[in-house]
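Written out below as structure tokens is the structure these notes cover.
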Amino acid sequence: MRIRLDSSTPLNLDATLCCGQTFRWNKEGEWWYGVAKDKAFKIGQYGNVLEFENVDENFVRNYFSLEDNLPKIYAKISRDKHIKQAVQMFQGLRILHQDPWECLISYICATYKNVQAIKLMLLRLSCRFGEKTCFEQRNFYLFPSPEKLAKVSISEMAECGLGYRAKYVKETAKAVYEKNFDFEQLSKKPYDKARQELLNFSGVGLKVADCVLLFSLAKTEAFPVDVWIKRVILEYYSEHFPEEFVKKIFDKRSPTNTEYERLSLFGREYFGEYAGYAQEYLYHYERTKR
DNA sequence: CAAGTGCCTTTATC
DNA sequence: AGATAAAGGCACT
């Protein structure tokens with residue numbers, strides 16, 4: 001099956017899948033292989049044609065956020081030369097609509113880890129506890145359900161390389177499973193309200209909550225601040241903060257909640273309702289500029 | 001190649 | 001409120 005993209009719907013599949021927002025995709029030749037929802041599928045891009053197998057068009061349109069009007073978003077976030085350059089370089093990078101459950105666990109695992117290590121953890125977690133599914137004579141593994149992870153022991157999870165995160169994943173899985181937590185409902189709530197709810201989960205702080213809101217709950221105003229974004233702010237946007245504040249956060253490993261809010265709020269106010277898009281372009285730009 | 005540093009931070013404690 | 005420490009282990013230099 002295929003989708004023909006028109007000029008007002010740019011897509012950069014490679015940048016979208018390798019920019020660090022999602023962790024379970026692999027490129028083999030011209031095809032990206034991934035597992036989303038309940039099956040494995042592959043997708044490739046040839047110019048303005050998007051081709052895929054084993055998945056329906058509606059899912060692809062939603063997962064890759066093809067309804068997001070990128071030209072309009074670029075117009076809104078392009079406030080200065082830095083974001084303009086990042087947008088220029090990665091035109092067509094889209095914020096995905098990932099599965100919120102998988103996204104939540106992924107970002108709990110992601111704390112204080114690099115992207116390669118996060119991928120490895122999630123791969124091991126899926127292979128060990130996820131349901132097996134076959135596609136093109138090969139085995140793929142679905143992301144383990146809340147019920148499954150709620151019942152796995154902490155030490156078993158730790159064996160997947162989660163370390164101290166195993167406890168948080170277990171507790172969050174238990175909470176989601178036992179309350180039958182409704183992510184659909186959560187996505188309907190406004191940013192602040194939804195964020196407050198996510199903070200109740202074990203292992204979820206402001207940064208993780210913002211990632212889940214942005215990457216799976218369509219809250220495009222969320223502006224996650226990790227070490228790279230902190231770096232971006234210090235390098236390009238420090239004049240928007242008092243000198244004292246900049247000095248203070250400069251050599252800290254991570255900001256306090258108050259400092260985090262100040263940085264994140266700057267992003268939301270400066271870039272507006274699509275601040276999350278600006279965040280991801282700047283993040284990818286900073287990480288790949290060498 | 002060993003050793004050091006860093007990683008899309010949160011939690012517990014003071 | 002803010003400072004501090006601790007918490008896997010993989011990857012990169």
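- Across all strands, A:Thr258 comes closer than 4.0 Å only to sugar-phosphate atoms, never to a base (heavy-atom distances).
- Counting to the nearest Å, the P atom of B:dG4 and the CG atom of A:Asn114 are 19 Å from each other.
- Note: A:Gln45 CD to A:Leu5 CG = 6.5 Å, rounded to the nearest 0.5 Å.
- When each of A:Tyr107 and A:Ser202 is assigned the nucleotide of DNA chain B bearing its nearest heavy atom, the one mapping closer to the 5' terminus is A:Tyr107.
- Distance alone, capped at 3.5 Å, places no donor-acceptor pair between the A:Ser216 side chain and the A:Asp99 backbone.
- A distance-only check finds a donor-acceptor pair linking the side chain of A:Ser264 to the backbone of A:Phe223 [under 3.5 Å].
- Between A:Gln116 and A:Lys113, the residue whose closest nucleotide on DNA chain C is further toward the 5' end is A:Lys113.
- Residue contacts shown for A:Gly20 include a base, since a base heavy atom lies under 4.0 Å away.
- Among the protein residues, A:Val225 comes within range of no part of the nucleic acid, since none of its heavy atoms lies under 4.0 Å from any strand.
- Contacts between chain A and DNA chain C, taken as any atom within less than 4.0 angstrom of a protein heavy atom, begin and end at C:dG2 to C:dA11.
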Fill in: Pairing string, 5' to 3', for DNA chain B - Watson-Crick or wobble contacts under 3.5 Å, brackets [ ] where pairs cross, | to another strand
..|||||.||||||

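- Although no hydrogens or angles enter the test, the distance criterion places no donor-acceptor pair under 3.5 Å between the side chain of A:Asn62 and the main chain of A:Ser65.
- Atom-to-atom distance recorded for A:Leu263:CG and A:Phe241:CZ is 5.0 Å, nearest 0.5 angstrom.
- Summarising the geometry, the separation between CE on A:Met121 and C1' on B:dC8 is reported as 11 Å, rounded to the nearest angstrom.
- Rounded to a whole Å, the NZ atom of A:Lys252 is 17 Å from the P atom of B:dG6.
- Within the nucleic acid shown, A:Phe223 has no heavy atom closer than 4.0 Å to any nucleic acid atom.
- Side-chain atoms of A:Arg165 stay outside donor-acceptor range of the base of B:dT10, with no qualifying N/O pair under 3.5 Å.
- Judged by distance alone, the side chain of A:Arg2 and the main-chain N or O of A:Glu51 form no donor-acceptor pair under 3.5 Å.
- Base orientation of B:dG6: anti, the glycosidic angle falling outside 90° of 0.
- Stacking of A:Arg94 on the aromatic ring of A:Tyr63 is not recorded, the 6.0 Å distance cut-off and the 45° axial limit not both being met.
- Atom CG in A:Asp210 sits roughly 9 Å away from atom P in B:dT10 (whole-Å rounding).
- Put simply, CG on A:Asn257 is 11 Å from C1' on B:dT11, counting in whole angstrom units.
- Here A:Ile108 lies out of heavy-atom contact (under 4.0 Å) with every strand.
- No donor-acceptor contact under 3.5 angstrom links the side chains of A:Gln91 and A:Tyr74, judged on distance only.
- A:Glu286 contributes no side-chain N or O that forms a donor-acceptor pair with the base of B:dC8 under 3.5 Å.
- Annotation: cation-pi geometry satisfied between A:Arg79 and A:Tyr270 (NZ/CZ under 6.0 angstrom from ring centroid, within 45° of ring axis).
- One atom, CG of A:Asp226, and another, P of B:dT9, lie 6 Å apart when rounded to the nearest Å.
- When heavy atoms are screened at a 4.0 angstrom cut-off, A:Lys248 is found touching the sugar-phosphate backbone but no base atom.
- Of the candidate nucleotides B:dC8, B:dT9, B:dC7, B:dC7 has the atom lying nearest to any side-chain atom of A:Arg231.
- When atom types are taken as modelled, the side chain of A:Trp32 and the backbone of A:Phe41 share no donor-acceptor pair closer than 3.5 angstrom.
- Between the P atoms of B:dC8 and C:dT4, the separation comes to 24 Å (whole Å).
- A distance of about 15 Å separates the C1' atoms of B:dT5 and C:dG8, rounded to the whole Å.
- A donor-acceptor contact closer than 3.5 angstrom is absent between the side chains of A:Tyr112 and A:Arg165.
- If you measure from atom NZ of A:Lys119 to atom P of B:dC8, you get 11 Å, rounded to the nearest angstrom.
- B:dC8 atom P lies 14 Å from atom OH of A:Tyr260, rounded to whole Å.
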